[in-house]
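Take a look at the structure below.
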Amino acid sequence: MKRFTDMLAGLARRYPDLWKNIDRIRAGRGQDGIADWPEWCFIPDRLTSDFIAASRKSGNRNVRPEDAILLPALAAWRLSQAVFRFDAALFERLTGAAGEDVSETCSLELLHLPLWCCYVETPGAAWTGSPMDGFFVHLTSTGEGPELRLAPFPFPPRQQISLPLPIGDMSIREAIVASLQATAERNRQKLDMQAAQASPQWREYTAMMQKMLSLAIFLCGNAATFEDPAGKAVFSGNPQPKRTKQGVRMFPADRPRLWLVGSGSQARGC
């Protein structure tokens, strides 16, 4: 878990007063020229992108390409620093090759993530041929509707990827197609979708997306319980902002915290 705290410290070094600026942006929701956004989103990705662009324009030479992905996920994850570890039997039931419980829809249920950002462990998984220890999952408000962001971790070599998926009454395949088409249009690229869907990479891509979404959707359901391995802490959801002499502030967790997902009847599928 030291990797996560190192990433948070690295962001703070590259962007002085970063967290105070994030608090300022959130406190200005719906005023000061900042559009409002739903509570299920900690901060829209477009605003963190604007912040990075402004920092680069002001002469900050420490800006890194991966910060556009790291910042929106870690800004939200920093508050809880929650790491979710599924019971092995439940994990296999949700992601196994048989796929008996693999979700086939990119459901509105995902608007009920237990936290603004979750990190989910994925033991033994791989993404594009590289080990994938887990993934960050959070929601962002685009102005056109909610989008889910999935960021496999660690990032594959020479890649920094955040997978945007529109949420609604559509299949995972339809959500992926919409996401790839929108990305291609933004980048003014031509995309042969028929050829892409016929490739082996497409099958690997969609299979791993289904598994990640299945885990994320389980976290949103009433059946999910989160237990402290030491039996001391009680899961309490997102922290609340506090008013200070310096304005409204959000205070982060002091360290990453592990939460066990699924035990007993959940793991047995009862």
With a 4.5 Å limit on heavy-atom distance, are the side chains of [X] and [Y] in contact?
X    : Y    : value
R64  : L70  : no
D23  : K20  : no
I52  : R56  : yes
H138 : L148 : no
C117 : V137 : no

N/O donor-acceptor pair under 3.5 Å between [X] side chain and [Y] backbone:
X    : Y    : result
R29  : I34  : no
Y119 : G134 : yes
N60  : S55  : no
W37  : C41  : yes
S49  : A68  : no
T140 : P44  : no
W77  : A82  : yes
T142 : G145 : yes
D67  : L71  : no

Heavy-atom closest contact ([X] atom, [Y] atom, distance):
X    : Y    : result
W127 : M208 : CE3-CG, 3.3 Å
S80  : L115 : OG-CD1, 3.5 Å
L8   : R78  : CD2-CB, 3.7 Å
I69  : P72  : O-CD, 3.5 Å

Inset, instruction - May I ask you to decide if the ring planes of F42 and W116 are parallel, tilted or perpendicular, using 30° and 60° as cut-offs? - result: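 Tilted, since the angle between the ring planes falls between 30° and 60°.
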Inset, instruction - Assign the ring pair F235 / F226 to parallel, tilted or perpendicular, where the plane angle (0 to 90°) is split at 30° and 60°. - result: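 Rings of F235 and F226: tilted, as their planes differ by 30° to 60°.
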Legend entry - Check: F136 ring centre within less than 6.0 Å of F4 ring centre: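 Aromatic pair counts; centres sit under 6.0 Å.
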Inset, instruction - Indicate, with yes or no, if the rings of F153 and F135 have centres closer together than 6.0 Å. - result: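 No.
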Legend entry - Row check, W259 ring normal vs R85 NZ/CZ: under 6.0 Å, within 45°: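 No; the conditions do not both hold, so R85 does not lie above the ring face of W259.
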Legend entry - D6/K2 ion pair, N-O < 4.0 Å: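 Salt bridge flag = yes for K2 with D6.
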Inset, instruction - Please name all residues satisfying side chain to side chain donor-acceptor pair (under 3.5 Å) with D133, sequence neighbours left out, ordered by chain then number. - result: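 For D133, the residues satisfying side chain to side chain donor-acceptor pair (under 3.5 Å) (neighbours in sequence not counted) are R3.
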